[in-house]
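Here is the structure we will look at, set down as structure tokens.
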Amino acid sequence: MSSTPSTPSRRFATWNVNSLAVRLPQLLDWLAANPVDAIVLQETKLTDDKFPAQAINEAGYQVQWFGQKTYNGVALLSREPATDIVRNILGYADEQARVIAGTVGGVRVIGAYFPNGQAPDSDKFTYKMAWLDGLRAWVAEELKQHPDLVLMGDFNIAPEDRDVYDPVAWAGQIHCTPQERDHFKALVDLGMTDAFRLFEQPLKSWSWWDYRNLAFRKNQGLRIDHILVSEALRPRVTACVIDKLPRKNERPSDHAPVIVTID
DNA sequence: ATGACTCCCAGTGGGAGA
């Protein structure tokens, strides 16, 4: 029998809610059933004055948010207050609200909504590549200050063919280009690990299913929402799962939450 | 198959998402 006091395990989650105005009731329901220590949200699609902070506080969560009109928008909810909040990538000037970071219980939590990129020959793809360069440089700096770090969110990158329901059809398409996958690997090369792949997982595990074409019913999706943990945290990760249940709600988000457990 | 659905801002249509 050990007399060493143990730190209780903690759970962190990420969820692209595709409009918090529409999905707030689903978020509150999910948090009641899954009382994680922190969750980062993407695509809140709310200006800061419209953010539903009070309802979130009443559900027992502190919250930091960073939004804009119509598109993007991120938030960091936590049981304990988050400190040292950073909005967007330090050193990369961005008009779009895509990143929020804070320290929760000694763990640096970075929540990010990576650019979609639209198509490999588009201006939006060029922006995605520049944004990814900026993110990597900044995360490298954050890691120096915070060895215990989690980078999670909607990466809009399917890292490998096994993360794609039809890799032949998607070859070279947005989310699956070699350039995007190289950027994912570059984040891994900072010492980060894809927590989901630390464990045996069901085949055909996705985090996003198109609204069209009965994609969820046919389980045709992509795994593009990820939780990357730093080298120091990696040995303490005990589980990582995708929760498909909210995708079965009425009026669901097209993305499912991903949850990591750290002892 | 240049589609399909959903959200937003708009305003009886169109952009964006992935």
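Computed over heavy atoms, backbone and side chain alike; hydrogens, waters and symmetry mates excluded. Just so we're on the same page: letters track the sequence lines, and every chain starts at 1. The model shown is predicted, which means the values in this text are computed figures rather than measured ones.
Listed for the A:Arg87 side chain is a donor-acceptor partner under 3.5 Å among the backbone atoms of A:Trp65. A distance-only check finds no donor-acceptor pair linking the side chain of A:Thr103 to the backbone of A:Gly106 [under 3.5 Å]. In terms of modelled atom types and a separation under 3.5 Å, the side chain of A:Arg23 and the main chain of A:Asn18 share a donor-acceptor contact.
Contacts of A:Asp225 with the nucleic acid, taken as non-hydrogen atoms under 4.0 Å apart, are absent. Residue-level contact check: A:Ile224 touches the backbone only, with heavy atoms under 4.0 Å from sugar-phosphate atoms and none from bases. In this structure, A:Gln173 reaches neither bases nor backbone, as no heavy-atom distance under 4.0 Å exists between it and the strands shown. When heavy atoms are screened at a 4.0 angstrom cut-off, A:Phe155 is found touching no nucleic acid atom at all. Counting non-hydrogen atoms under 4.0 angstrom, A:Asn16 reaches the backbone sugars and phosphates but no base.
Considering only side-chain N and O atoms, A:Asn18 lies nowhere under 4.0 angstrom from the phosphate OP1 or OP2 of B:dT6. At least one side-chain nitrogen or oxygen of A:Arg251 sits closer than 4.0 Å to the OP1 or OP2 atom of B:dC7. Residue A:Lys124 places at least one side-chain N or O closer than 4.0 Å to OP1 or OP2 of B:dA16. The phosphate of B:dA18 (OP1 or OP2) has a side-chain N or O of A:Asn116 nearer than 4.0 angstrom. In this structure, A:Ser19 reaches the B:dC8 phosphate: one of its side-chain N or O atoms is under 4.0 Å from OP1 or OP2. One finds a side-chain N or O of A:Arg23 lying less than 4.0 angstrom from the OP1 or OP2 phosphate oxygen of B:dC7. For B:dG17, neither phosphate oxygen OP1 nor OP2 lies less than 4.0 angstrom from any side-chain nitrogen or oxygen of A:His255.
Rounded to whole Å, the distance from NE2 on A:His226 to C1' on B:dA18 is 13 Å. Counting to the nearest Å, the P atom of B:dA18 and the CH2 atom of A:Trp206 are 17 Å from each other. Protein atom CZ of A:Phe114 is 16 Å distant from nucleotide atom P of B:dG17, rounded to whole Å. To the nearest angstrom, P of B:dC9 lies 9 Å from OH of A:Tyr71. Distance, A:Leu24 CG to B:dC7 P: 14 Å, rounded to whole Å. Here the C1' atom of nucleotide B:dA16 and the CG atom of A:Asn156 are 12 Å apart, to the nearest Å. In this structure, A:Gln96 places its CD atom 12 Å from C1' of B:dG17, rounding to the nearest Å. Between A:Asn72 atom CG and B:dC8 atom P there is a gap of 13 Å when expressed in whole angstrom units.
The local environment of CG in A:Asp166 is crowded, with over 12 non-hydrogen atoms from other residues, nucleotides or ligands closer than 6.0 Å. Within 6.0 Å of atom CD in A:Glu80, 12 or fewer heavy atoms from other residues, nucleotides or ligands are found, so the atom counts as exposed in its surroundings.
For A:Arg212, the listed nucleotide lying nearest its side chain is B:dA18; candidates were B:dA16, B:dA18, B:dA10. The A:Tyr211 side chain lies nearest to B:dC5 when the options are B:dA16, B:dA18, B:dC5.
Between the P atoms of B:dC8 and B:dA18, the separation comes to 14 Å (whole Å). The C1' atoms of B:dA4 and B:dG17 are separated by 14 Å, rounded to the nearest whole Å. Going from the P atom of B:dG3 to that of B:dG15 covers 13 Å, rounded to whole Å. Distance noted for atom C1' between B:dT12 and B:dT2: 24 Å (whole Å). Comparing the same atom, P, in B:dA16 and in B:dA10 gives a spacing of 15 Å after rounding to whole Å.
No side-chain donor from either of A:Asp154 and A:Trp15 sits under 3.5 Å from a side-chain acceptor of the other. Checked by atom type, the side-chain pair A:Asp94/A:Tyr127 shows a donor-acceptor distance below 3.5 Å.
When the nearest nucleotides of DNA chain B are assigned to A:Pro115 and A:Leu20 by heavy-atom distance, the more 5′-ward of the two goes with A:Leu20. Place A:Asn213 and A:Val22 on DNA chain B by their nearest nucleotides, and A:Asn213 ends up nearer the 5' end.
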